[in-house]
4 protein chains.
Amino acid sequence: MHETSMSPRAAHSPQVLEESDSRTRILDAAEELFAGGGYAATPTSLIAKLAQVPKGLLFHYFPRKIDVLVALVDERTLVEEAKEVDAVPGDPAGTLSKLARRLPLRASPAMRRILFREADTHGSVRERLGRLNGELIGRARFALELALPGARGDKARLEVAAATFAAVLLYQENLCQLTGHQIDPDAVADLIAHSLA
Amino acid sequence: MHETSMSPRAAHSPQVLEESDSRTRILDAAEELFAGGGYAATPTSLIAKLAQVPKGLLFHYFPRKIDVLVALVDERTLVEEAKEVDAVPGDPAGTLSKLARRLPLRASPAMRRILFREADTHGSVRERLGRLNGELIGRARFALELALPGARGDKARLEVAAATFAAVLLYQENLCQLTGHQIDPDAVADLIAHSLA
Amino acid sequence: MHETSMSPRAAHSPQVLEESDSRTRILDAAEELFAGGGYAATPTSLIAKLAQVPKGLLFHYFPRKIDVLVALVDERTLVEEAKEVDAVPGDPAGTLSKLARRLPLRASPAMRRILFREADTHGSVRERLGRLNGELIGRARFALELALPGARGDKARLEVAAATFAAVLLYQENLCQLTGHQIDPDAVADLIAHSLA
Amino acid sequence: MHETSMSPRAAHSPQVLEESDSRTRILDAAEELFAGGGYAATPTSLIAKLAQVPKGLLFHYFPRKIDVLVALVDERTLVEEAKEVDAVPGDPAGTLSKLARRLPLRASPAMRRILFREADTHGSVRERLGRLNGELIGRARFALELALPGARGDKARLEVAAATFAAVLLYQENLCQLTGHQIDPDAVADLIAHSLA
DNA sequence: GATGAATGAGCTTTCATTCAT
DNA sequence: TATGAATGAAAGCTCATTCAT
């Protein structure tokens with residue numbers, strides 16, 4: 001409806017998904033391929049082919065291959081400030097469950113897989129992974145503090161609980177699928193809540 | 001019977017010890033390099049150089065590069081049957097702590113890093129990672145069952161506790177060091193024990 | 001009279017001086033870069049960047065890269081007719097010294113370096129280098145004839161003297177600086193004068 | 001005689017010219033091409049083709065393209081110590097002429113052309129050119145000292161004469177052929193001898 | 001005139017793998 | 001079993017040149 005009524009030049013307007021700009025298509029392709037086969041094993045030629053751009057254009061935007069990975073990490077793993085944590089006082093299990101459900105923050109599963117795989121190869125990736133992990137722990141800690149207003153458990157135990165929950169969340173998504181072992185975040189939330197009771 | 005030394009002779013003659021055989025040195029080098037930079041980013045020439053063997057010899061033992069990885073996974077990630085779990089009835093926290101301290105099973109930290117990184121690339125690696133994870137969970141479950149003879153918590157909760165503990169152990173070793181966030185396994189053991197009380 | 005500004009208009013309007021026109025800036029940049037790294041090793045993109053013009057504009061003025069070199073040679077190595085040679089009769093040494101001091105003719109040191117380097121690659125460059133060399137020899141010969149009115153030495157010896165002086169002048173500038181060996185043109189002028197005495 | 005009596009493997013022995021080893025053929029090809037078109041404008045693929053070796057082998061011997069140039073300079077521009085200079089006392093002109101005829105030292109004309117062209121691009125090349133020039137001047141000075149035992153001219157003038165002769169020799173070979181202007185070294189030797197008389 | 005994204009051929013280099021010895 | 005020269009496909013990257021705006 002919109003497309004036909006606009007103009008013959010509508011094909012070039014940004015809202016037409018099929019024709020998103022080249023740079024974005026390159027990053028899309030790279031995200032998919034890096035997540036699937038790893039950075040080192042993905043030739044730039046394959047990225048270009050999947051993105052349907054000539055190989056030279058890839059290097060127009062990203063002078064070196066590593067710049068594609070860096071751009072991906074810079075632009076697609078933004079860890080937004082935890083504006084509001086949806087905590088339910090007196091219900092730490094439910095609070096953690098809610099947190100788990102909002103997890104993606106702004107990094108797709110593919111991006112998180114990339115962060116894990118390439119972390120020890122490239123400094124900037126490692127730093128982002130650290131930030132993501134830190135933010136997740138911080139958010140879990142904050143949520144638990146709100147959910148347990150009495151501050152019943154000591155600080156240290158809260159910290160451990162937050163780190164454990166973060167570990168399960170990141171671990172499960174990135175690796176349990178590889179092994180086939182599933183962990184139900186809600187059950188873990190429940191477990192942790194019990195331990196703080 | 002012996003899996004690392006093929007010839008009984010080599011294993012016994014003392015002077016061979018210092019000049020460990022070429023095949024072993026190749027695997028040692030590959031383990032180090034694959035863990036450090038990843039399989040795809042490690043040239044066979046570098047493996048040969050680090051192992052101090054000529055390039056041709058590497059291909060004598062391992063006709064294709066992938067065979068080095070497969071051999072590594074086959075020979076250096078053996079998950080031994082949990083013959084005995086050192087459980088202390090009535091002390092689930094201590095029991096888990098003991099389990100954590102014996103974790104290496106028979107896969108070195110380097111090998112575990114390799115398993116994680118290359119899991120989604122090579123089927124045989126993925127399968128091993130699954131086995132390792134499964135074995136760890138199973139052992140944690142069994143340990144907890146022994147430590148809590150009354151079977152106080154229901155089966156499902158025990159399972160979640162075991163999976164959570166396994167997740168933290170593997171997560172921390174493989175990724176916390178990358179991010180700098182430390183998790184104390186003993187504190188997690190304590191946390192989980194509390195949740196089962 | 002004015003050699004750099006082709007159009008009288010540009011030469012007179014004051015505001016144009018600081019923003020010298022794009023074409024000139026391109027040639028300035030190319031002269032510097034070709035002299036420094038050689039024609040083949042200098043990318044057009046670098047010329048454009050140094051000239052602070054967009055890449056496309058360079059190809060607007062010079063459709064092919066080689067046209068930049070040709071324009072440089074055409075416009076910046078003009079060998080002017082030897083209108084007047086400042087000869088001092090009876091003082092061949094002083095006459096040659098004067099000639100040496102006016103050497104630049106109208107080719108900068110950078111342009112002469114370019115002529116030497118690219119001579120065997122591009123015909124038009126080679127031809128210019130030949131003209132420059134010929135003109136220099138001719139001028140030296142003429143100067144010596146004027147300085148030695150008696151025509152004491154035979155013609156052939158005068159010719160050799162002129163060629164030797166030209167060789168030293170061109171050689172010294174283009175290569176002595178590379179090797180660090182200095183030749184004082186005045187001393188050579190003196191030497192040659194003696195040989196003709 | 002030797003070849004046939006040695007063994008069937010004689011075909012691989014070094015004295016069979018037709019089958020000189022790959023590394024030498026690569027350097028031969030590079031010398032020819034670098035002298036002709038310049039280092040930067042010569043693709044490694046062309047070197048390999050002319051040398052009749054696969055492209056990969058070139059990089060087996062010379063990991064980077066520049067290493068070919070460096071090897072050429074290292075191995076084919078040896079400046080031998082001037083053991084004996086063939087000086088004729090009382091005949092400086094003849095002495096210089098003799099020197100000129102032995103000029104090649106051990107750098108072929110092609111190698112000398114390469115030294116000149118690539119001198120300002122690569123430090124090691126520049127250094128060799130400097131050494132070559134210095135050695136030539138030194139030899140000319142020494143020859144003149146022997147030829148003029150009375151040390152009639154002062155030291156400084158001898159030095160200038162030596163430098164001038166060296167300049168003409170190097171200049172003529174590398175550049176006069178480009179421009180077509182010939183300088184007869186014997187005539188220059190004569191000229192210089194006169195100036196020292 | 002001015003602009004910079006787009007293009008693809010070609011460049012240097014890497015690398016797994018082979019093979020004669 | 002041991003060796004390293006040999007091989008060529010493919011990788012990352014460069015670059016002159018075009019072209020729509």
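Quantities reported herein were computed from a predicted structural model and do not represent experimental measurements. Order of the sequence lines fixes the chain letters, A, B, ..., with proteins taken first and strands second; residue numbering starts at 1 for each chain.
To the nearest 0.5 Å, the span separating CD1 on C/Ile66 from CD on C/Glu118 amounts to 8.0 Å. Note that the CZ atom of C/Arg117 and the CZ atom of C/Phe34 stand 11.0 Å from one another [nearest 0.5 Å]. Atom CD of B/Glu32 and atom CG of B/Leu46 lie 9.5 Å apart (nearest 0.5 Å). We find the CZ-CG distance between A/Phe116 and B/Asp120 to be 12.5 Å, quoted to the nearest 0.5 Å.
Checking C/Ile66 against A/Pro63, the closest nucleotide of DNA chain F that is more toward the 5' end is the one next to A/Pro63.
Across the protein-nucleic acid pair, C/Lys49 atom NZ and F/dC15 atom P stand 11 Å apart, rounded to whole Å. Atom CG of D/Asp67 and atom C1' of E/dT13 are 12 Å apart (whole Å). Rounded to an integer number of Å, the gap from CD1 of C/Ile47 to P of F/dA16 is 8 Å.
Counting heavy atoms from C-beta outward, D/Phe62 and D/Val70 have side chains that stay 4.5 Å or more apart. When side chains are defined from C-beta on, B/Leu69 counts as touching B/Ile114, because their heavy atoms get closer than 4.5 Å.
Nucleotide F/dA9 has E/dT14 as its partner under the Watson-Crick or G-U criteria, with both atom distances under 3.5 Å. Partner assigned to F/dA20 is E/dT3, using Watson-Crick or G-U wobble distances below 3.5 angstrom.
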Protein-to-nucleotide contact annotation, 5' to 3' order, nucleotides 6-12 of chain E [B base; S sugar-phosphate only; - none; under 4.0 Å, heavy atom]: BBB-BSS
